[in-house]
Amino acid sequence: MPELPEVETLRRELDRAVKNKIIKSVEVRWPKLVKPLSANIFSKKLIGQKIISTDRRAKILLLKLSKGDKKTRDGFLAIHLKMTGQLIFRPKKGRLVIGGHPLPPPPNLPLGQGEGLNSNLPHKHTHIIINFTDGSTLYFNDIRKFGWLKIFDAKSLEKLSAEFGPEALSDQFNLKKFQEILKKYPNQKIKQLLTDQKLIAGIGNIYADESCFCAGIRPTRLVKDIKLSEINKLLLCFKKTLKLAISKGGTSSDTYVKLNGQPGGFVPYLKVYGRQGEKCKKCQGLVEKIRLNGRGTHFCRSCQK
DNA sequence: TGATATGTTATCTT
DNA sequence: CAAGATAACATATC
């Protein structure tokens, strides 16, 4: 679930929470998530470090560390939530900050009542625990254990960053840039390019479908068959959709329930994702679901050509 | 029981 | 060699 809006939302909330906190201890319960480092070395590298600031590249959350590598002076803890990762910050006192994949409440509690597994930490899906000196804690939970935490110095981070295309929401990502990228892949289906992080950083399956609907373009359309005016529309659409999603708290999961029990922010705005078989919100047709490059793909046949 | 799942990468198969 | 398809990661849900 976490695409650009979700990770960005998490970053903003976490920024306030963890900035200037100093790491006191680290517990790695599932060492695979910190590969290639061993649990021990991973922990050692983090202990004593202060969180200076937060950043995001594509769908990766970055925490800048104080001491960093001796040579480069910069150090970053990079966190990728992949499909089911979740970060929970528990202050010594006060509300939890949660970002990423939601976890359901216990079976005996209806949705919206209580905080479910989220309130009982750590639990069986908690794989990394970072304790700060002020008594607060950051938990990394991940049901499917696809996510990871890595430590980068400035150089290796730059290398990682170079593997991604420009940020979808950056000003540099304009029509000219978009055209330039698309031009190289005339025979590709448009959705595949939208979700390719090497070309555009931040768009995942959900927002790709939503953006295509917004632009009236079928996800399966070949790039060479898309007019310039449509390319422009698609550009405006994915920017608009991503920004709206961020403003709504970046929620895109249909199972997401916030701590206060309110349904997630962006769900009501979904036009096609997860709505297969339901009536299109623009016309009277039904939303269809197909498989495109191995991913579920949703569109309205009459609104999207 | 089997199909499906939001991300990414490795490894097969054309 | 390259594009495309599929498996893999590990678990839960419908």
Side-chain angles (χ1 to χ4, degrees), chain A residues 1-10 29-36 56-61 78-87 99-107 111 116-118 123-128 140-150 160-161 163-165 168 184-189 191-212 219-220 222-224 238 241-242 245 248-257 264-267 269-277 289-298:
Chain A
M1 166 190 39
E3 301 179 29
L4 187 153
E6 287 74 39
V7 181
E8 180 60 21
T9 301
L10 172 60
R29 305 171 145 210
W30 192 263
K32 268 192 176 178
L33 300 191
V34 301
K35 273 200 333 182
R56 178 189 57 76
R57 178 75 173 110
K59 302 167 188 171
I60 301 172
L61 176 72
I79 302 174
H80 201 312
L81 301 172
K82 290 289 183 92
M83 287 167 74
T84 54
Q86 178 194 54
L87 281 175
H101 192 271
L103 288 170
L111 281 178
L117 283 173
N118 298 327
H123 53 62
K124 67 169 181 170
H125 297 305
T126 303
H127 308 307
I128 315 273
F140 181 86
N141 303 329
D142 191 347
I143 290 174
R144 287 169 74 179
K145 298 177 181 157
F146 288 178
W148 48 252
L149 288 83
K150 290 181 185 175
L160 174 80
S161 186
E163 292 169 17
F164 292 109
K184 289 189 209 155
Y185 307 91
N187 293 311
Q188 294 274 329
K189 297 181 176 101
K191 181 183 172 184
Q192 187 166 17
L193 298 194
L194 283 178
T195 54
D196 189 336
Q197 303 304 301
K198 292 191 283 296
L199 305 178
I200 307 169
I203 302 176
N205 202 40
I206 295 171
Y207 294 108
D209 281 4
E210 292 299 312
S211 301
C212 284
T220 49
L222 296 186
V223 167
K224 64 182 174 194
F238 78 65
T241 308
L242 292 173
K248 296 299 166 191
T251 304
S252 58
S253 165
D254 55 354
T255 56
Y256 183 93
V257 172
F266 194 68
V267 178
Y269 296 88
L270 292 175
K271 303 272 201 305
V272 287
Y273 183 83
R275 298 193 67 250
Q276 62 272 21
K289 180 174 182 183
I290 58 167
R291 193 150 280 271
L292 179 64
N293 302 121
R295 309 320 272 191
T297 297
H298 314 71

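Quick note on labels: first sequence line is chain A, next is B, and so on, each numbered from 1.
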Measure from the side chain of [X], starting at C-beta and using heavy atoms only, and say which of [options] lies closest.
X: A/Lys289; options: B/dT4, B/dT6, C/dA12; result: B/dT4
X: A/His80; options: C/dA10, B/dT8, B/dT4; result: B/dT8
X: A/Lys145; options: C/dT11, B/dT6, B/dT4; result: C/dT11
X: A/Gln197; options: B/dG7, B/dT6, B/dT8; result: B/dT8
X: A/Gln188; options: C/dG4, C/dA12, C/dA10; result: C/dG4
X: A/Arg291; options: C/dC9, B/dT4, B/dT6; result: B/dT4
X: A/Met83; options: B/dA5, C/dA5, C/dA12; result: B/dA5
X: A/Phe146; options: C/dA10, B/dT4, C/dA12; result: C/dA10
X: A/Asn293; options: B/dA5, C/dA10, C/dA5; result: C/dA5

Give a yes or no answer on whether the side chain of A/Thr84 reaches the backbone of A/Lys82 with a donor-acceptor pair at less than 3.5 Å.
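Answer holds: no.
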Keeping the roles fixed (side chain from A/Glu3, backbone from A/Lys59), state whether a donor-acceptor pair exists under 3.5 Å.
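Checked: no pair found.
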Nucleotide-level pairing of DNA chain B, given in dot-bracket where Watson-Crick and G-U pairs need both distances under 3.5 Å and | marks other strands:
.||||.||||||||
Does a side-chain N or O from [X] land closer than 4.0 Å to OP1 or OP2 of [N], or not?
X: A/Lys189; N: C/dA3; answer: no
X: A/His125; N: C/dA12; answer: yes
X: A/Lys59; N: B/dG7; answer: yes

Please determine, by modelled atom types, if A/Asp142 and A/His127 share a side-chain donor-acceptor pair under 3.5 angstrom.
no
Given the options A/Phe146, A/Phe140, A/Trp148, A/His80 meets ring pair (Phe, Tyr, Trp, His ring centres under 6.0 Å) only with A/Trp148
Heavy atoms under 4.0 Å, any strand shown: does A/Asp142 hit a base, just sugar-phosphate, or nothing?
nothing
